[in-house]
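Values reported hereafter were calculated over all heavy atoms of this structure, with side chains retained and with hydrogens, waters and symmetry mates removed. Just so it is clear, the model here is predicted, and its values are computed rather than measured.
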Amino acid sequence: MTSGSTQRSDAVRVRYAPSPTGYPHVGGVRTALYNWLFARHHGGKFILRLEDTDLSRSSEESARAMLEGLRWVGLDWDEGPDVGGPYGPYRQTERRELYQRYAARLVEAGRAYPCYCTPEELQARRQEALRRGEAPKYDRRCLHLTDAERRRLEAEGRPRALRFRIDDQGETVVHDLVRGEVRFDNALLDDFVIIKSDGLPTYNFAVVVDDLEMRITHVIRGDEHLSNTPRQLQVYRALGAQPPAFAHLSILLAPDRSKLSKRHGAQSVDAFREMGFLPEALVNYLALLGWGYDAEQQIFSVEELIEKFSLERVSKNPAIFDIQKLEWMNGYYLRRLSVDELAARSRPFLEKAQLAQRIDAQGEEGRRRLRRALELSQSRLRTLADVPAWVAYYFQDDFAYDEGAARRHLLRAGVPELLERIAADLEGLEPFDEPALEAYFTRLRDETGLKMGDVLQPVRVAVTGKDVSPGMFEVLALVGRGAAAARLRRAAAWARQRLAGAPVR
RNA sequence: GGCGCCAUCGUCUAGCCCGGCCCAGGACGCCGCCCUUUCAAGGCGGAAACACGGGUUCGAAUCCCGUUGGCGCUACCA
């Protein structure tokens, strides 16, 4: 076994090692991103490894979702379960023999021993210790078993786990790249299980073996692992191996300061995709959550992130995920997309809103109108999911009026007459384009003595159903003469009827 | 309970290591103004923070101690 050697290649090798027990959530993606940026910055390797030793919670579906989620945000890996690599396999359940070999080494060295205590017994003793106000450490009962006792327990067919014999003298110091020196009293550690009775390794053992075998140089992971690091360091030492460097990232919190979880709604990258976020915006935002270049710059391309990323500038405090800033950033990226790109990225959302078929049905003209519609609404978008609402009225006439908008602008004395007149005028307007429309409405304003808003807002509601839209002349020109006039008449009729039937105010 | 981590505007943060340039800078959000047919975008301006208490020092956001709070670990989960 060569892996126990202390030599370390100077090429950076980092890994992201999720356990496939759920969806890929943003916190994990951020950890992966930092690892990836670190690797790319240093021209090193980024490795993906699946920690699937918890058979009851791991699933193939989740593993697929993990990889897909990472790929969606634009990460790629040099070694991993799907692409292979020189230190595979890259899922722990396929590496059992390896852990067994390392465990055997520890047993030989007297640093590991079989334990026959059942979970129930352990649980009971733990409760008891807690009740007495003592630390719930493993009592080393099985360390002191005589050969005869051991034989008896084996003969009983008792399940057997393997425990690591901790060195409880002195202290273990973690030299953390983001937190500095962190010291732990070894007397507080206990003999933890390294091989479960099902033969699979536990996390604290498997990570060490894998990181060693895969020649990982920097372990960049979540803060929740900091407390476990002294245990792992002891395993490295017992193996006579040089540990990698460590960097513990603060975790992501929900707005209520609790850990980000399901009940806070969106946390899986899939959810963000469905909400219409762009991967480049999510990456930029996530990079800034816990890392800052100079605090002035907010927008970073991936290339810039790679160039500027460093662990020294990773902040120590936990960060709260702020979806409003993400939305702002998403809007920023959306505004910088070409119209064609925007159209392409909007496609799934237009399909979901049943608009894609209508657009397609218009062929080339449909594409042209969609492009123009997107052009007009681009600066108003925050997510791709907003797109359908901004383009729908260019492709369908049968919409309902927004209640508040209708009340404010349609259900007023004189409005039906005004709309009918405009409809008639527009039918004769030549040409029916933006300059002509503007000239017409200016004339109408002067002639009636109304303010532009008093004229245009009713028109807006009649033509779009809402009181918010892009510039009215552009909208009218794009909707087209026939449809515009028809909608104005429909709104006039609707308003007249409502005003007569149930007088408003 | 024990151990560990963390602590600057509502949020992300700069500054902290190497005390004075900080009556604390930027960004999101919020408010106001400008532009304007509405809403955005854009421009300009504003309110908004060094958790608390002790030290050390001529001087502390910056160093030390304590308190409080948040989070994590303490599993045959990862």
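- For A/Asp322, the listed nucleotide lying nearest its side chain is B/rU11; candidates were B/rU37, B/rU11, B/rA78.
- Atom name C1', nucleotides B/rC17 and B/rC77: the rounded distance is 37 Å, in whole Å.
- Where A/Tyr293 and A/Asp467 meet RNA chain B, the nucleotide closest to each residue was compared, and A/Tyr293 sits on the side nearer the 5' end.
- Of the candidate nucleotides B/rG42, B/rC6, B/rA78, B/rA78 has the atom nearest to the side chain of A/His225.
- With hydrogens and angles ignored, a donor-acceptor pair closer than 3.5 Å exists between the side chain of A/Arg380 and the base of B/rC39.
- Put simply, CD on A/Gln298 is 11 Å from P on B/rU13, counting in whole angstrom units.
- With C1' as the reference atom, B/rA48 and B/rU11 are 12 Å apart, rounded to whole Å.
- Taking atom C1' in both B/rG45 and B/rA61, the straight-line distance is 27 Å, to the nearest Å.
- A distance of about 30 Å separates the C1' atoms of B/rC63 and B/rC73, rounded to the whole Å.
- Taking 4.0 angstrom as the limit, A/Arg335 places a side-chain polar atom (N or O) nearer than this to OP1 or OP2 of B/rG42.
- Of the candidate nucleotides B/rC5, B/rA27, B/rC3, B/rC5 has the atom nearest to the side chain of A/Leu226.
- Look at A/Asn317 and you'll find a side-chain N or O under 4.0 angstrom from OP1 or OP2 of B/rU8.
- Counting atom types as modelled, A/Ser197 pairs a side-chain N or O with a base atom of B/rC76 as donor and acceptor under 3.5 Å.
- Geometrically, A/Arg163 engages A/Tyr138 in a cation-pi contact, judged by NZ or CZ lying under 6.0 Å from the ring centre and within 45° of the ring axis.
- B/rA14 and B/rU56 have their P atoms separated by 31 Å, with the value rounded to a whole Å.
- Distance check on atom P: B/rG25 versus B/rG15 gives 15 Å, rounded to whole Å.
- With B/rC5, B/rA78, B/rG29 as the candidates, the nucleotide lying closest to the side chain of A/Asp223 is B/rC5.
- Among B/rC39, B/rC73, B/rA75, the nucleotide with an atom closest to any side-chain atom of A/Arg126 is B/rA75.
- Here B/rU37 is the nucleotide among B/rU13, B/rU37, B/rU38 with the atom lying nearest to any side-chain atom of A/Leu456.
- Of the side-chain N and O atoms in A/Thr53, one or more sit less than 4.0 angstrom from OP1 or OP2 of B/rA78.
- Between the side chain of A/Ser379 and the base of B/rA40, at least one donor-acceptor pair of N or O atoms lies under 3.5 Å.
- At a non-hydrogen distance threshold of 4.0 Å, nothing from residues 432-447 of chain A comes into contact with RNA chain B.
- Judged by a 6.0 Å distance limit and a 45° cone about the ring axis, A/Arg336 is positioned over the six-membered ring of A/Tyr332.
- Look at the P atom in both B/rA40 and B/rC31: the space between them is 10 Å, to the nearest Å.
- Taking the C1' atom of each, B/rU62 and B/rC22 are spaced 11 Å apart, rounded to whole Å.
- Contacts with RNA chain B (heavy atom under 4.0 Å) in residues 113-124 of chain A: A/Cys117, A/Leu122, listed by number.
- Listed candidates were B/rG72, B/rU38, B/rC5. Nearest to the side chain of A/Glu224 is B/rG72.
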